[in-house]
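Below is one structure, written out as structure tokens; comments come after it.
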Amino acid sequence: MTTHPFIEFDHVTLGYGRRTVLRDVELSVAAGDFLGIVGPNGAGKTTLLKALLGTLTPIRGTIRIPERGLVFGYVPQRQAVDETFPLTVREMILMGRFARIGLFRRPRREDHAFVVEAAEHVAIADLLDRRYRTLSGGQKQRTLIARALAAQPTILVLDEPTNGMDLPAENAIMELVRRLHVADRLTVVMVSHLLNVVASYVARLAIVGGGRLEVGPVATMLTGERLTALYGTPVRVHHVDGAAVVLAGGAR
Amino acid sequence: MIEMLAQSFVRYAVIASVLAGAVSAYLGVYVLLRRIVFVGIAIAQIATLGVAVGHLLGLHQAEAAFGLSLVGVTFFALHRQGRIPRESAIGVAYAAASAFTILCVSKNPFGEMDVLSLVFGNVLGVTEVQLYVLGALAAALLVLHWCFAKELLFTAFDADMAATMGYRVQAWEFFFYLILGVAFSLSVSVAGVLVIFSYLVIPATAALVLDVSMTMTFAVAVFIAVVAGASGVLLSYQWDLPTGPTIVAALSALLLLCGLVKQLTRLRRVSDD
């Protein structure tokens, strides 16, 4: 697997107007990476994500994208999707093709074929003509992932993909993301506030907190001391069958 | 009805009402889905102020309306949520435009009539030239829809994803507002601000109430506006009622009908299950 960088943050300061959210960010996302971004609410996860996606310009520093034609497959938070629009799953996924179709052009047969392929890939081919708003949480998440895949992305970027899901749905979505990473060799960046979920799947962890970003392998990053300092509450990390389990508070 | 349509001013009124309705109803679907109903009414009111200013200063009314609309459109497209909420800016623009419209016509000996005509329009007095202009506007919108429907829909539906895919979301928003500004400038002097606003909101609401597909939402909204526009003019002539309010009443009745149809369909489905 190649490891050339797709994106490099070089001493980047991020914020809005005069308000600085993150300082001196050093981060690199390479081909084949599976990076998890975690941190308390309001710490700057979304800000970092926006900068990564190129929709937020840094206050200072440089974000380099060495390779031309980098395509993001962005999966927004399910709750942020406006369900007033009477869109079907097929129409939703087709949106992922729009940038490739271009201006003044209508979707072609191959674009519709990509939609079906993306839907089959995430096991929702039977839902293509259903209205998006009538789906379950897990099915909606699969639709959003299929839309991102329809763009034929270089990097899949997921924002809180398992938020508000029950355990089986959460597990199914994370297994799907793992499959996309392993079998399809997709580079994946995932933001989540669910430490246990992220820790079980990603290879590297970026922890956002106190206006800083620290990045490293999961085993190095997930320590009780680091998380206790970050969250301001006692946090312990145990290992069960090789997986890290994070416990907060006084529970034993 | 054939007798009524034999008179050219009634025929012109029906065509003008149908064209202004179709254009506004089509745009109304985007306005509702983008949740910018109050931006819509504020731009319509600013266009009305333009008509009043044009009337007062002896300028071309549609040009004056477009000039002022352009200022409003630019302001709304560039204004971002900050310390002052966007709703406040919209409210101030609407209130100021309404007040200045009335001030512009207050010194006119026919002031009250002018105000009524600006609010409800004067569709029975529409000229052949105005018809051509409205026809051209409707044709231009069809072309724009053919060319840019997917971009307008995508940037309205998911601005964040569109931005990550390289779309200039703010530019598309400005483009949409500009279309609104042009459409209002050309149609508000024909149909009046209240009627245009009703065309903008009621047919799109009715289509969303029916819960049809995205493409059908546009089609149903335009169809409702066309039916209400034509029937409103004819009924007002038949029963000697003011035309603008009759069109709005027809739109409201059709919305009610759509709500009833939806409820009945739902009840029938429940009883079938």
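Heavy-atom basis, side chains included; hydrogens, waters and symmetry copies ignored. Each chain gets a letter, A, B and so on, in the order the sequences are listed, and its residues count up from 1.
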Heavy-atom proximity to chain A below 4.5 Å, by part of [X]:
{"X": "B:Ala162", "answer": "neither"}
{"X": "B:Leu208", "answer": "side chain"}
{"X": "B:Leu32", "answer": "neither"}
{"X": "B:Thr164", "answer": "both"}

Quick check on [X] against chain B: is it the side chain, the backbone, both or neither that has a heavy atom closer than 4.5 Å?
{"X": "A:Val71", "value": "neither"}
{"X": "A:Thr55", "value": "side chain"}
{"X": "A:Leu87", "value": "side chain"}

Might you confirm whether atom [atom1] of [X] has over 12 heavy atoms from other residues, nucleotides or ligands at distances under 6.0 Å?
{"X": "A:Phe85", "atom1": "CZ", "answer": "yes"}
{"X": "A:Arg64", "atom1": "CZ", "answer": "yes"}
{"X": "A:Arg179", "atom1": "CZ", "answer": "yes"}
{"X": "B:Phe223", "atom1": "CZ", "answer": "no"}

- [ ] Using the side-chain contact (heavy atoms from CB on, under 4.5 Å) rule, take A:Arg147 and B:Asp158 through it: C-alpha gap first, then chi angles, then the decisive distance, then the call.
- [x] CA-CA 12 Å; A:Arg147 186 177 67 158; B:Asp158 195 341; 2.6 Å; yes
- [ ] Would you mind reporting whether B:Val212 and A:Pro86 have side-chain heavy atoms less than 4.5 Å apart?
- [x] no
TODO: Using a strict 4.0 Å threshold on nitrogen-to-oxygen distance, state whether B:Asp211 and A:Arg131 make a salt bridge.
DONE: yes
Open item on the list: Counting heavy-atom pairs closer than 4.5 Å to chain A, which one of B:Thr217, B:Leu153, B:Thr215 comes out on top?
Closed with: B:Leu153
Could you give the distance from [atom1] ([X]) to [atom2] ([Y]), rounded to the nearest 0.5 Å?
{"X": "A:Met92", "Y": "B:Phe154", "atom1": "CE", "atom2": "CZ", "answer": "9.5 Å"}
{"X": "B:Phe157", "Y": "A:Thr84", "atom1": "CZ", "atom2": "OG1", "answer": "9.0 Å"}
{"X": "B:Met161", "Y": "A:Asp159", "atom1": "CE", "atom2": "CG", "answer": "13.0 Å"}

Please check if the side chain of [X] supplies one atom and the backbone of [Y] the other of a donor-acceptor pair under 3.5 Å.
{"X": "A:Lys50", "Y": "B:Asp160", "value": "no"}
{"X": "A:Arg105", "Y": "B:Cys147", "value": "no"}
{"X": "B:Lys150", "Y": "A:Gly102", "value": "yes"}

Open item on the list: With a 6.0 Å cut-off on the ring centroids, do A:Phe98 and B:Tyr167 count as close?
Closed with: no
TODO: Apply the test side-chain contact (heavy atoms from CB on, under 4.5 Å) to residues B:Trp146 and A:Arg106: give CA-CA distance (whole Å), side-chain angles for both, the deciding distance (0.1 Å), then the verdict.
DONE: CA-CA 9 Å; B:Trp146 180 257; A:Arg106 317 285 292 177; 3.7 Å; yes
